[in-house]
Amino acid sequence: MITNSHIQEALYLAFERQNWAELRNAVPMTLSESDLEGLRGINEQLSIEEVTDIYLPLSRLLNLIIGAKQQRGVVLNEFLGKKPTEGPYIISIAGSVAVGKSTTARILQALLQHWPEHPKVDLVTTDGFIYPLATLKRKGLLQRKGFPESYDTRMLLDFISDLKSGKQEVHAPRYSHITYDRREETQVIRQPDILILEGLNVLQTGIDSPGLARRPFVSDFVDFSIYVDASEGLLKKWYINRFLQFRSGAFSRQGSYFKHYAELTDEEAKETASNIWDSINGPNLRQNVLPTRERAHLILQKGAGHQVAQVMLRK
Ligand SMILES: Nc1ncnc2c1ncn2[C@@H]1O[C@H](COP(=O)(O)OP(=O)(O)O)[C@@H](O)[C@H]1O
Ligand SMILES: CC(C)(COP(=O)(O)O)[C@@H](O)C(=O)NCCC(=O)O
């Protein structure tokens, strides 16, 4: 029987944390005071050791891979006698709800933009492509948020193909965790060197969601894909923790869709978050997200405290 571990062994090089961390030593890299400040702004819980051991080697690897792609552009230029129109280098970040996709994306954005070869790095999250709340209600998808059918995939594909074909200005819809709905204003993307696209669904194809067969897929436009992984026990715990943080922050704000959550006691809030996990995010992880893991070029395997314990890199 072909198991996941067989597939991983055949496809990936596996690095334990220490071995991966040592890869940054080949080219010593340091973080300036302003880099550190920027990273602290992303997440107070993020340890600097995590950045140095895991994300610095990753940013070095990506810089080398992007360099090879840029080299290919030089070859094409020579071959064609003119520079082909090219969109940005696209990096996708997939994984469960609450695994830390958006945190990882923001760390990589901060690190990658320091390289002189690709200073302009934009970040888009696919949450914005979830249908507006009214449409979800109409289609009876309110309890299916994050499932493949809750995304306007046509719109996402149009966005990414416009971007990749080098269009000067592309608009991405944005999501608000406060109103639980799409925002009025869009995000304008103007020809970045790199675009990081983060979301549950970036490695999905029609095969993962029977009845939704369609081509092409987001991954056809992506140059390098990352899957952030953790055990479901940890994911549920991180989801509940984030729910508790939202309760005292976003949920209590004016206009919050979940204003009633702000009044829950600690125990009631934990219970509510646990139920949402068991009925929506957990099943979505098992049915639609986890099965896409082995399509990624790189897997970050997280353990307790969001520490990356292992890195798997496609051979
Ligand atoms: N590297 C990290 N170190 C510490 N906490 C983290 C890290 N990454 C994410 N978190 C925390 O985990 C929770 C989920 O992270 P988030 O980036 O919002 O996940 P996602 O975008 O995958 O839903 C948040 O509470 C966040 O603060
Ligand atoms: C909008 C989302 C699918 C986005 O996922 P995320 O970016 O947090 O990984 C998720 O936050 C969500 O709303 N899930 C539905 C159930 C819930 O309220 O958590």
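Remember, it's 1-based here, ligands and their atoms both numbered in the order they're listed.
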Which N/O atoms of ligand 2 sit under 3.5 Å from a protein N/O, and at what distances?
unit_1, atom_1, unit_2, atom_2, d
ligand 2, 7 (O), D127, OD1, 3.3
ligand 2, 7 (O), D127, OD2, 3.2
ligand 2, 8 (O), R242, NH1, 3.4
ligand 2, 8 (O), R242, NH2, 3.1
ligand 2, 9 (O), K101, NZ, 2.7
ligand 2, 14 (N), N281, OD1, 3.3
ligand 2, 18 (O), Y180, OH, 3.1
ligand 2, 19 (O), Y239, OH, 2.7
ligand 2, 19 (O), N281, ND2, 3.1

Of all pairs that satisfy side chain to side chain donor-acceptor pair (under 3.5 Å), the ones with a partner from residues 239-248, not counting sequence neighbours: R247-D266
Counterpart residues, salt bridge (Lys or Arg N to Asp or Glu O under 4.0 Å), relative to E184 (two or more places apart): none
Do K237's NZ or CZ and the ring of W277 fall within the cation-pi criteria of under 6.0 Å and 45°? no
How many angstroms lie between CG in L141 and CD1 in I130, if you round to the nearest 0.5 Å? 10.5 Å
Verify the neighbour count for atom CZ of R72: are there more than 12 heavy atoms of other residues, nucleotides or ligands below 6.0 Å? no
If you measure from CD on Q204 to OG on S219, what distance do you get to the nearest 0.5 Å? 10.0 Å
With distance as the sole test, does H297 use its side chain to make a donor-acceptor pair with the main-chain N or O of R314 at under 3.5 Å? no
D229 with K302: basic N within carboxylate O range, under 4.0 Å: no
What does the 4.0 Å heavy-atom contact list look like for ligand 1? N43, Q45, L46, S96, V97, A98, V99, G100, K101, S102, T103, R242, Q245, K302, H306
Under a 3.5 Å distance rule, please check whether R182 uses its side chain to pair with a backbone N or O of G128 as donor and acceptor. yes
